[in-house]
Amino acid sequence: MLIIILLLAALGGGGAWYIWNGMQPVEPGQPVTFTIEKGMGSSEIADLLEENGIIRKGLFFKGYLKWVKEGSSFKAGTYTAAPGDTYDALIARLNAGDVVKKATVVFTIPEGYTAKQIADKLAAAWNQKPEVFLNIIDSGAGLEAVSRLGIPENSQLRHRLEGYLFPETYELVKESTPEQVVEAMLEQLEKKLDTIQGWQAKLKERGLSLHELLTVASLVEREVVVDSERPIVAGVIYNRLDKGQKLEIDATVQYLLDKQKERLYEKDLKADSPYNTYKNEGLPPGPISSPGLASIQAALVPEASDYYFYVTKKDGSQGHLFGKTYKEHLANIKKSEQN
């Protein structure tokens, strides 16, 4: 009987030692990268950790998870862990989703950039040819946000997505495709629009489509530097539209040029294009740049006034002088030139 008792005690002690030893961290080593796929359970994850040499026994890790009631909140992703990490350290990392950070690309699109300028900027950031991005911007094919935003197809548009690529600083995964990059910029516009309370109701109240709103906003963006003047200039644009008066906005002519001019000449104003607001009444076919949020808000809620004209001050302030009549406008031009 004594021998049997001693044997049972030895077996029990040996089993306890075996379990205790199997739960100890393995010898420290180099970090190992492993991926937890979506849908993997804690049992599969335990086996994965054992296969990668991060823990001694997956069976004991499974038992420990049940004991501490963990494992149901592990997040999918690619992780790194070093042999020698404790159970608790591994559990904390998997619960937090402390995954390996993927390489990213950071790029900034300034307000007022055209589609062509944006394509050049993206090409430089992603080491691609500008045509790769410009082709996507021109077609919009396969982009889900295009249908959500209701971006029209019109043969008169120079670039279909002009004005819809929101100017912002972006940080995207380096592995992103050109389509995903452009899609992200469209999605950013959606997010920014949703920060404007009741923007859809206000748009309906003005009787405008989103395309028309962004067109007006793009004109404001290219014409105005001083933020406080954006709603005033937007109001001038609507006043002219309501009166059936040509907009005669220099920025629409500049949009047609390969290179911006400091001063437009008479021959420039005669350019044959639906974008030339010196020749055509109403809005151009679409936006001429990517407007920022301030310009979009100004186009949505313009400042009411009796102004129909404005001229840039020549005093370096980058502001404007506003006039109600053509006579006042001529006087403002003279005043500006004197300054």
Can you see which heavy atom on P231 is nearest to which on A298, and at what distance?
N-CB, 3.6 Å
In terms of ring plane angle, is the pair F107 and W126 parallel, tilted or perpendicular, where the classes change at 30° and 60°?
perpendicular
For atom CD of E175, is the number of surrounding heavy atoms from other residues, nucleotides or ligands below 6.0 Å larger than 12?
no
With rounding to the nearest 0.5 Å, note down the distance linking CG in D227 to CD in Q297.
10.0 Å
Gap separating the OH atom of Y307 from the CG atom of L321, nearest 0.5 angstrom
10.0 Å
Please check if M40 and L59 belong to a single hydrophobic cluster, counting links between Ile, Leu, Val, Met, Phe, Trp and Tyr side chain heavy atoms closer than 4.5 Å.
yes
Flag, side chain of K102 to backbone of V173, donor-acceptor distance under 3.5 Å:
no
Is any side-chain heavy atom of I136 closer than 4.5 Å to a side-chain heavy atom of L143?
yes
May I ask you to decide if A115's main-chain N or O and E162's side chain share a donor-acceptor pair within less than 3.5 Å?
yes
Would you check, one step at a time, whether the test side-chain hydrogen bond (donor to acceptor under 3.5 Å, both in side chains) holds for Y310 with E223?
CA-CA 10 Å; Y310 59 89; E223 287 282 284; 2.7 Å; yes
Using modelled atom types and a 3.5 Å cut-off, is there a donor and acceptor pairing between side-chain atoms of Y238 and backbone atoms of A299?
yes
Evaluate whether atom CD of Q260 has more than 12 neighbouring non-hydrogen atoms of other residues, nucleotides or ligands under 6.0 angstrom away.
yes
Sidechain-backbone polar pair: S336 side chain, N332 backbone, donor-acceptor under 3.5 Å
no
Examine distances only and state if a side-chain atom of Q180 and a backbone atom of T177 form a donor-acceptor pair shorter than 3.5 Å.
yes
With hydrophobic residues grouped by side-chain heavy-atom distances under 4.5 Å, do F322 and L241 end up in a single group?
yes
What's the separation between atom OG1 in T312 and atom CD in E229, rounded to the nearest 0.5 Å?
8.5 Å
Could you give all pairs that pass the salt bridge (charged side-chain N to carboxylate O under 4.0 Å, His left out) test and reach residues 180-199, with sequence neighbours left out?
R148-E190, E168-K192
Could you state whether F61 and V68 fall into the same hydrophobic cluster, counting links through intermediate Ile, Leu, Val, Met, Phe, Trp or Tyr residues with side-chain heavy atoms under 4.5 angstrom apart?
yes
Keeping E221 on the side-chain end and G292 on the backbone end, is there a donor-acceptor pair under 3.5 Å?
yes
For K279, is the NZ atom crowded, meaning more than 12 foreign heavy atoms sit under 6.0 Å from it?
yes
Verdict with supporting geometry, R93 and D85, salt bridge (Lys or Arg N to Asp or Glu O under 4.0 Å):
CA-CA 11 Å; R93 188 171 301 167; D85 285 350; 3.5 Å; yes
Heavy-atom closest pair (S290 atom, L165 atom, distance to 0.1 Å) is OG-O, 2.8 Å
Show the atom names and distances, to 0.1 Å, of all donor-acceptor pairs under 3.5 Å that link a side chain in residues 44-55 to residues at least two apart or in another chain.
unit_1, atom_1, unit_2, atom_2, d
E44, OE1, G41, N, 3.0
D47, OD1, K62, NZ, 3.1
E50, OE1, G58, N, 2.8
N52, ND2, L48, O, 2.8

Taking all heavy atoms of S218 and all of P291, pick out the closest pair and write down the distance.
N-CB, 3.9 Å
Side chain of R160, backbone of P152: donor and acceptor closer than 3.5 Å?
yes
Evaluate the salt bridge (Lys or Arg N to Asp or Glu O under 4.0 Å) criterion for residues E303 and R230: first the C-alpha distance (whole Å), next the side-chain angles of each, then the deciding distance (0.1 Å), finally the verdict.
CA-CA 9 Å; E303 183 173 319; R230 295 186 193 277; over 6 Å; no
Please find the pair of heavy atoms, one from R158 and one from L256, that lie closest to each other, and give the distance.
NH1-CA, 3.6 Å
Looking at T215 and H211, would you say the former's side chain and the latter's main chain have a donor-acceptor pair under 3.5 Å?
yes
Using the rule side-chain contact (heavy atoms from CB on, under 4.5 Å), only one of S155, P274, S273 pairs with P285; which is it?
P274
When rounded to the nearest 0.5 angstrom, what distance separates CG in L149 from CG in L186?
6.5 Å
Heavy-atom pair with the smallest gap, counting every atom of L203 and L210
CD2-N, 3.7 Å
Quick check: closest heavy atoms across N280 and K246, and the distance to 0.1 Å?
O-CG, 4.0 Å
Hey, could you give me the OG1/CD1 distance between T277 and I249, rounded to the nearest 0.5 Å?
5.5 Å
Contact between K202 and V301 at the side-chain level, heavy atoms closer than 4.5 Å - yes or no?
yes
Do the ring planes of Y64 and W67 sit parallel (below 30°), tilted (30 to 60°) or perpendicular (above 60°)?
perpendicular
Taken to the nearest 0.5 Å, the spacing of F74 CZ from I91 CD1 works out to 5.5 Å
More than 12 non-hydrogen atoms from neighbouring residues, nucleotides or ligands closer than 6.0 Å to NZ on K261, yes or no?
yes
Would you say W199 ends up clustered with F166 if hydrophobic residues are merged whenever their side chains have heavy atoms under 4.5 Å apart, either directly or through other cluster members?
yes
Against the six-membered ring of F309, is R240 placed for a cation-pi contact (under 6.0 Å from the centre, within 45° of the normal)?
yes
Please check if Y278 and V233 belong to a single hydrophobic cluster, counting links between Ile, Leu, Val, Met, Phe, Trp and Tyr side chain heavy atoms closer than 4.5 Å.
no
Can any side-chain N or O of N239 pair as donor or acceptor with the backbone N or O of Y308 at less than 3.5 Å?
no
Determine yes or no for a side-chain-to-main-chain donor-acceptor pair under 3.5 angstrom, with D268 supplying the side chain and Y265 the backbone.
yes
Assess the residue pair T114 and S289 against the criterion (side-chain hydrogen bond (donor to acceptor under 3.5 Å, both in side chains)); give the C-alpha distance rounded to whole Å, side-chain angles, the decisive distance to 0.1 Å, and a yes or no.
CA-CA 4 Å; T114 65; S289 69; over 6 Å; no
